[in-house]
Amino acid sequence: MIPDKVPQEDVYHAPQDLVKGAHVPNFEKYKELYLKSIQSPEEFWGDIAKDFFWKTKHTGKFLDYNFDVTKGNIYIQCMEGATTNICYNALDWNIHQRNLGDKVAFYWEGNEPGDELKVTYRELLHQVCKFANVLKSVGVRKGDRVSIYMPMVVELVVAMLACARIGAVHSIVFAGFSAESLFERIMDSQCSLLITADGFYRGDKLISLKLIADDALQRCRDKGVPVEKCIMLKHLSKEQPDSPAASPSPPAKRPCPDLQQETPKDKVRKIRPKAQVPWNPEVDLCWHTLVDGASEECEPEWCASEDPLFILYTSGSTGKPKGVLHTVSGYMLYAATTFKLVFDYQPDDVYWCTADIGWITGHSYITYGPLTNGATSVLFEGLPTYPDMSRMWEIVDKYQVTKFYTAPTAIRLLMKYGSAPVQKFRRDSLKVLGTVGEPINPEAWQWYYSVVGEKKCPVVDTFWQTETGGHVLTPLPAATPMKPGSATFPFFGVVPAILNESGEELEGPSEGYLVFKQPWPGIMRTVYGNHQRFEATYFQKFPGYYVTGDGCRRDQDGYFWITGRIDDMLNVSGHLLSTAEVESALVEHPAVSEAAVVGRPHPVKGESLYCFVTLIDGVAYSTTLETELKQQVREKIGAIATPDYMQNAPGLPKTRSGKIMRRVLRKIARNERDLGDVSTLADSSVIDQLFNNRCPTAV
Ligand code: PRX
């Protein structure tokens, strides 16, 4: 499975100073550890588990599982009998066992340059304990689900760790999602509490988060399932919301402690509009008032290994998002170990992952992975392009960032502006660069490697999914010779295979479905509230395997190359969207009778959305309607799903049985005339019409 030898030529190697002292210093060591992880998982993970705190040790097998639907229910169970707490491991254990109390956990860098904060491990623990006590005081108990809808602020980490500390299950919804998406996720996970903020700025744009959150809460009420409480953090506004009754305990009118003095933040924001903050005294509570009166001590809840830790929604091909459920011990070990080895974490590192915590990358590689290792990270609220194209490199220089993790879409965006904005700042602190979220094209890889890393930093192209919890195919920076665009080889404990359409495993150079043959500790355990959907989505197509939904090629040297999704999913700027989700948002418009959405390659986003809409009889297509339809999708899903192209399609290409031929639509979206076999088309006259009506902006 892992090749005996890897090529030494036409590949990229790590510099010698990185190899020296690396956790996995060469390919031989990687192979040796990989074999151990597969042949003796108990020993491999047992050694790793020794670095963590366990209230009680595990008694059963390290991993027990069934991956074969034909043999019964799918299950994955890790470390039966063990009890622990991930928040305790991330904070208390680092402070008491490793003496890291005064170490910086986060350098927070706000949207505005100069807007900054520093939080040590001890300070973070105090904030978390206080907020954990707040959660208890509003009635949150072990196993309860809590929705979190917040910007990239330290309090977001505090809220998630506080949930973990008391055994509550957090469900974070990315702050770019719409009220409808938030509502849908709150309903699905039956949350009793929502935590949000007044608002935030993304570059120049004000997002009034509380307003959107309120809209979502109203929708829950309309469905007869009200959320009991909503805690709001004042991130932008200094004034107390207009309701003393909102605060359960005095003092009711106290200004936010951290905003009493005028900061650079205030100076900038004074001239800007404030967030709109509606206030419902029946439901709303003020974060600051609650925290003021709370104790700094909170005994953690000792959780069983398979107790749920969090739910995170990801797009599903049916259009309804799936609540991916991760559990405590396996996820903790996997997030921590992948972080340590894939970024070759060293104690003096300053690590920066630019993802949002609302996505799995932020969960695993901003919060849980770095904190369980006692790392110092940058937590960035802003945009790579604001106030200018140098922002990322300015931050790298400011904090002397050593390990940097971002997405191909960000790299491609910055690449457009050339090397000057990068070279304005020194980047000689950098040691390892990482990418995640979509295949990286070799040109972007080369730019990242040469311009950003000045050919001194290995690029770890990490392939993984919300479902996998952590990296599953990835180079290790000192050990794996890199090929631009390849995620290279499996991480420890992961056994990939490539299958053909008949489900046969392909050997040697080949291309087909990427699957995994056995679980690793961090794999998801179920779809929240719908185990059957979990089995149907990931295990039904090829019994005995976890099916990723991605295509993959293995080259003559055994390297894995992800070729992209092979289901009805689109990857726009590293975010997965299902075509069905966008189509259903479009057909909800009264003018639309049918819609079909396909991906069209985009130089920055990777893929963009190209929508074909069939209007109901008598309705004329117009630019006003087009704007309304785009707005409709934004409102239903969020700005990330905004269609790039919209086309009037009086007829869609269908088979005789009525199935839309997306393959043909993809060609039309790309203006490729060679349509392949169209003999199954019911009415071929629609093709010319569709080519003639192509969206004028899609050249
Ligand atoms: O298609 C693959 C792509 O992103 C999908 C997972 O998306 P999500 O669950 O949102 O998680 C993204 C962050 C882990 C995968 O099925 N993908 C992710 N990383 C890569 C990738 N495709 C190619 N190369 C990668 N490194």
Salt bridge (charged side-chain N to carboxylate O under 4.0 Å, His left out) filter on Asp568, not counting sequence neighbours, yields none

Glu505 CD: over 12 foreign heavy atoms closer than 6.0 Å: yes

Neighbour count >12 (heavy atoms, 6.0 Å) for atom CD, Glu42: yes

Classify the ring geometry of Tyr65 against Phe67: parallel below 30°, tilted from 30° to 60°, perpendicular beyond 60°. perpendicular

Tell me the salt bridge (charged side-chain N to carboxylate O under 4.0 Å, His left out) pairs involving residues 521-547, sequence neighbours left out? Glu306-Arg525, Glu501-Lys541

Looking only at heavy atoms, what is the nearest atom pair of Ser486 and Phe560, with distance? OG-O, 2.6 Å

Can you tell me how the ring of Trp520 sits relative to the ring of Phe516, calling it parallel under 30°, perpendicular over 60° and tilted otherwise? perpendicular

Ser305 and Ser329 side chains, donor-acceptor separation under 3.5 Å: yes

Kindly write out the residues that satisfy side-chain contact (heavy atoms from CB on, under 4.5 Å) with Pro300, not counting sequence neighbours, or none if the list is empty. Asn85, Tyr88, Arg165, Trp302

Side chain to side chain contact (heavy atoms under 4.5 Å, CB included) between Ile86 and Leu309: does it pass, once the steps are laid out? CA-CA 9 Å; Ile86 192 168; Leu309 173 64; 3.6 Å; yes

What pairs with Ser502 under side-chain contact (heavy atoms from CB on, under 4.5 Å), at least two apart in sequence or on another chain? Asn500, Glu504

Option passing side chain to side chain contact (heavy atoms under 4.5 Å, CB included) with Leu371 (candidates Ile366, Val157, Asn89): Val157

Are Phe489 and Phe27 near enough that their ring centres are under 6.0 Å apart? yes

Strictly under 6.0 Å, is that where the ring centroids of Tyr545 and Tyr538 end up? no

Tell me the closest heavy-atom pair linking Leu514 and Cys552, and the distance in Å. CB-CB, 3.7 Å

With Lys483 via salt bridge (charged side-chain N to carboxylate O under 4.0 Å, His left out) - residues at least two apart: Asp555, Asp557

Does the gap between the ring centers of Phe62 and Phe44 come in under 6.0 Å? no

So which of Leu312, Ile148, Leu161 actually passes side chain to side chain contact (heavy atoms under 4.5 Å, CB included) with His170? Ile148

Test ring-ring contact (aromatic ring centres under 6.0 Å, His included) applied to Trp93 and Phe52, step by step: CA-CA 8 Å; Trp93 191 239; Phe52 292 79; 8.9 Å; no

Sequence-distant partners of Ala407, side-chain contact (heavy atoms from CB on, under 4.5 Å), two or more places apart: Thr409

Ion pair present between Lys322 and Asp188, side-chain N to carboxylate O less than 4.0 angstrom? no

Sole residue of Phe339, Tyr345, Phe404 in ring-ring contact (aromatic ring centres under 6.0 Å, His included) with Tyr351: Phe339

For this output row, return yes or no: ring centroids of His471 and Phe343 closer than 6.0 angstrom. yes

Ring-plane angle category for Tyr365 and Tyr405, please: parallel below 30°, perpendicular beyond 60°, tilted otherwise. perpendicular

Any residue meeting side chain to side chain donor-acceptor pair (under 3.5 Å) with Tyr546, in chain and number order, not counting sequence neighbours: Gln465

Hits for side-chain contact (heavy atoms from CB on, under 4.5 Å) against Asp68, two or more places apart or cross-chain, chain-then-number order -> Asn66, Thr70, Lys71, Pro543

Please work out whether the ring planes of Tyr34 and Tyr30 are parallel, tilted or perpendicular, with thresholds of 30° and 60°. tilted

For a 4.5 angstrom cut-off between non-hydrogen side-chain atoms, does Asp344 reach Leu476? no

Of all the heavy-atom pairs spanning Leu506 and Glu511, show the shortest one and how long it is. CD1-O, 3.5 Å

Mind telling me whether Tyr334 and Trp45 have parallel, tilted or perpendicular rings, with 30° and 60° as the class edges? tilted

What's the verdict on ring-ring contact (aromatic ring centres under 6.0 Å, His included) for Phe310 and His363, showing C-alpha distance, side-chain angles and the deciding distance? CA-CA 9 Å; Phe310 66 82; His363 281 58; 4.7 Å; yes

Those residues at least two apart in sequence (or on a different chain) that pass side chain to side chain donor-acceptor pair (under 3.5 Å) with Tyr331 are Ser364

Taken in chain and number order and not counting sequence neighbours, the residues that satisfy side chain to side chain donor-acceptor pair (under 3.5 Å) with Lys29 are Glu32

Hits for ring-ring contact (aromatic ring centres under 6.0 Å, His included) against Tyr449, two or more places apart or cross-chain, chain-then-number order -> Tyr12, Trp445

Who are the salt bridge (charged side-chain N to carboxylate O under 4.0 Å, His left out) partners of Lys55, not counting sequence neighbours? none

Given salt bridge (Lys or Arg N to Asp or Glu O under 4.0 Å), test Lys654 with Glu594 step by step and report yes or no. CA-CA 12 Å; Lys654 292 186 181 170; Glu594 200 167 14; 2.9 Å; yes

Please determine whether a side-chain nitrogen of the Lys or Arg among Lys50 and Asp47 lies less than 4.0 Å from a carboxylate oxygen of the Asp or Glu. yes

Taking all heavy atoms of Val432 and all of Val342, pick out the closest pair and write down the distance. CG1-O, 4.5 Å

